[in-house]
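Structure, as structure tokens:
Letters A, B, ... are given to chains in the order of the sequence lines, protein chains preceding strands, and every chain is numbered from 1.
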There are 2 protein chains.
Amino acid sequence: MGSVADTAFPAATHVSVAVVFQVRDGCLQVLAWKRQRDPFRGAFALPGGYLSDDESLEASITRHLAAKVDVREVAHIEQLGTWSDPGRHPSEWQVMTAYLGLVATGLDPALPGDTTWHPVDALPALAFDHQAIVLTARDRLRAKLSYTNLGFALAPPTFTMSELRDIYVVALGHPVSATNLQRVLVRRGELVATGERRAPGAVGGRPASVFRFRTSGLEVTDQFAVLRPPRPPENRSGDGS
Amino acid sequence: MGSVADTAFPAATHVSVAVVFQVRDGCLQVLAWKRQRDPFRGAFALPGGYLSDDESLEASITRHLAAKVDVREVAHIEQLGTWSDPGRHPSEWQVMTAYLGLVATGLDPALPGDTTWHPVDALPALAFDHQAIVLTARDRLRAKLSYTNLGFALAPPTFTMSELRDIYVVALGHPVSATNLQRVLVRRGELVATGERRAPGAVGGRPASVFRFRTSGLEVTDQFAVLRPPRPPENRSGDGS
DNA sequence: ACAAAAGTGTTGTTACTACACCCATGG
DNA sequence: CCATGGGTGTAGTAACAACACTTTTGT
């Protein structure tokens, strides 16, 4: 790939890590485990580890994540980026590829003793450059909630609009109207009503309609926010809708 | 970072490559060089090469790019992603991080003999998985032209709206109105008028105003395409702009 | 005068937000 | 019968696209 003068150097080690988010207890939380060894003994770190022989990064992060959480409960995972500052690890030349993973609200995966959820708004000291990675992951999540159907990975299989609204509020960090959220997501085709209704709570109130996401795979629902291509010059009468 | 069972494996080699785009001769072109050696002898490949000791990926791609083009003429560069399929290189276990680079229209950098521009719409056979990388890069460029000021990296220092329109048409692949493009970019604060005017061509026509981009660094200009946070209840008169 | 290119004014549309008001249930 | 939460209807708005029309030049 390089020119003739290039030869393979003693290669950097490559690790994969994952920022796994879940909305639980009313706040956005991230999975981290407590290091027992130097460097950063006692600090929390993101789950991950070394890339193995003949393994893709996707396979690597899935394998390492499986040691911390049941990966069947991770509804979505995507590559965030690769960090390669030579000084990012104190004693090793290490390149890191980070992933964003999402677990639906309501699940409570079994975790090993060293692993816990931490509110993103009140993070403990994190090892290496992991804090910056977490914030990058949160930015990615917030952006994609706006223009994709990524909510499917944060929400339980079915939900009322109030429940979904609460999830969006926590993930986005700003108020969201359940009324308008419903209309936006239904119009985009992300959400469909199941026809069921949820019984009201002890204090009364009208029973809420139950919704689900139409698909459980990532779809871009608003690709061209601006500068969209011109519509083909259809005749506007007699459209088949 | 990993658990106790993890040890460093014989590490994959890591290469960086760049998809360098320029709008030239009325189409979007990408920089590639012709391989003289196996594998893929005779095919074209993206510029790039091995990661060196104590070097970040950004430094690496800049260094390798410098062998093919004057990097001072690359107006913008950003990480695209990392490809790690074990089978992507026929004889070596190789992880690749790809970058997107942009060169402004009008420049004509000196290139080595093995390196040429290729229209993205008529690519020759590319080595490895480089064709997929080029298409990913084009998608990224098209998306970011819509919601950021990334046009600054494709346009010359100053330009008329017709010239800028032609660049956007080629990069986006669909018609763009110069009239509306001006209003959108000026309203967003991306574009400012220099006050100069460009003399009309031989066939006449009104002289065109000359514009420039306000900044030459990436800025997100339309962060919340949807689900934007509610406006704070300001009094709408007397804003300080 | 006329063609060509640039620029302005204006209307229409989409996809939202905002908010008043109505509906269904439990105590 | 009324508080509570859910849902509907509708007005307001930002940011576009579309297009007719006007301005400024060269021949």
Side-chain angles (χ1 to χ4, degrees), chain A residues 145-147 159-166 168-169 172 174-191 193-211 220-237 239 241, chain B residues 145-147 159-166 168-169 172 174-191 193-211 220-234 236 239 241:
Chain A
L145 278 179
S146 278
Y147 68 91
F159 44 83
T160 67
M161 285 315 302
S162 287
E163 292 163 356
L164 188 64
R165 187 260 318 270
D166 292 343
Y168 273 67
V169 165
L172 292 172
H174 65 73
V176 174
S177 145
T179 293
N180 290 331
L181 182 65
Q182 172 186 341
R183 280 191 276 221
V184 167
L185 298 186
V186 168
R187 185 174 42 71
R188 289 185 180 178
E190 296 184 27
L191 238 50
T194 64
E196 300 164 50
R197 302 193 155 261
R198 193 90 91 208
V203 290
R206 178 171 168 175
S209 296
V210 176
F211 291 82
V220 173
T221 53
D222 196 330
Q223 186 173 11
F224 295 108
V226 290
L227 294 177
R228 41 170 85 77
R231 289 170 305 165
E234 304 164 359
N235 43 2
R236 61 193 72 172
S237 64
D239 65 295
S241 121
Chain B
L145 278 178
S146 277
Y147 68 90
F159 44 82
T160 67
M161 286 314 302
S162 287
E163 292 163 356
L164 188 65
R165 187 259 318 268
D166 292 343
Y168 273 67
V169 165
L172 292 172
H174 66 72
V176 174
S177 143
T179 293
N180 289 330
L181 182 65
Q182 172 185 343
R183 280 190 276 223
V184 167
L185 298 186
V186 167
R187 183 174 43 72
R188 288 185 181 178
E190 295 184 29
L191 239 49
T194 64
E196 300 164 51
R197 298 191 158 262
R198 193 91 90 210
V203 292
R206 179 170 168 173
S209 296
V210 176
F211 291 83
V220 174
T221 54
D222 197 331
Q223 186 173 13
F224 296 108
V226 290
L227 294 178
R228 44 172 82 77
R231 290 170 304 166
E234 303 165 359
R236 62 193 73 171
D239 66 295
S241 119

Please name all residues satisfying salt bridge (charged side-chain N to carboxylate O under 4.0 Å, His left out) with Arg198(B), sequence neighbours left out, ordered by chain then number.
Glu163(B)
Indicate yes or no: at least one non-hydrogen side-chain atom of Arg197(A) is less than 4.5 angstrom from one of Val210(A).
no
Please report the closest heavy-atom contact between Pro200(A) and Gly205(A), naming both atoms and the distance.
CB-O, 3.0 Å
Tell me what Thr160(A) touches on the nucleic acid: a base, only sugar-phosphate, or nothing, going by heavy atoms under 4.0 Å.
nothing
If you compare every side-chain N and O of Thr179(A) against the phosphate oxygens of dT8(D) (OP1, OP2), does one of them come in below 4.0 Å?
no
By ring-ring contact (aromatic ring centres under 6.0 Å, His included) - contacts of Phe211(B) (at least two apart):
none
Value in whole Å for how far the P atom of dG7(C) lies from CD of Glu163(B)
11 Å
Please report, rounded to the nearest Å, how far the C1' atom of dT8(D) is from the CG atom of Leu181(A).
16 Å
Test for a donor-acceptor pair under 3.5 Å between the base of dG9(C) and the side chain of Arg183(B), counting only N and O atoms.
yes
Can you identify which nucleotide, out of dT17(C), dT8(D), dA18(D), has its nearest atom closest to the Val184(A) side chain?
dT17(C)
In whole Å, I'd like the distance from the CD atom of Gln182(B) to the C1' atom of dA15(D).
16 Å
Quick check: do Phe159(B) and Leu191(B) have side-chain heavy atoms less than 4.5 Å from each other?
yes
Who are the side chain to side chain contact (heavy atoms under 4.5 Å, CB included) partners of Arg183(B), not counting sequence neighbours?
Thr179(B), Asn180(B)
Start at the 5' end of DNA chain D and walk down; is the nucleotide closest to Val210(A) or to Asn180(B) reached first?
Val210(A)
Starting at atom CZ of Arg188(B), determine the distance to atom C1' of dA14(D), rounded to an integer number of angstrom.
12 Å
Base, backbone or nothing for each nucleotide of nucleotides 21-27 of chain C, written B, S, -, heavy atoms under 4.0 angstrom, 5' to 3'?
--BBBSS
What is the nucleic acid contact for Ser209(A), judged by heavy atoms within less than 4.0 Å: base, sugar-phosphate only, or nothing?
sugar-phosphate
Rounded to the Å, how far apart are Arg198(B) CZ and dT24(D) P?
20 Å
Side chain to side chain contact (heavy atoms under 4.5 Å, CB included) with Ser162(A): which residues, sequence neighbours excluded?
Thr160(A), Arg165(A)
Distance in angstrom units between Tyr147(B) OH and dA15(D) P, rounded
18 Å
Counting only side-chain heavy atoms from C-beta out, which of dG7(D), dG9(C), dA17(D) sits nearest to Arg197(A)?
dG7(D)
Which whole-number value in Å describes the distance from Tyr168(A) OH to dT17(C) P?
12 Å
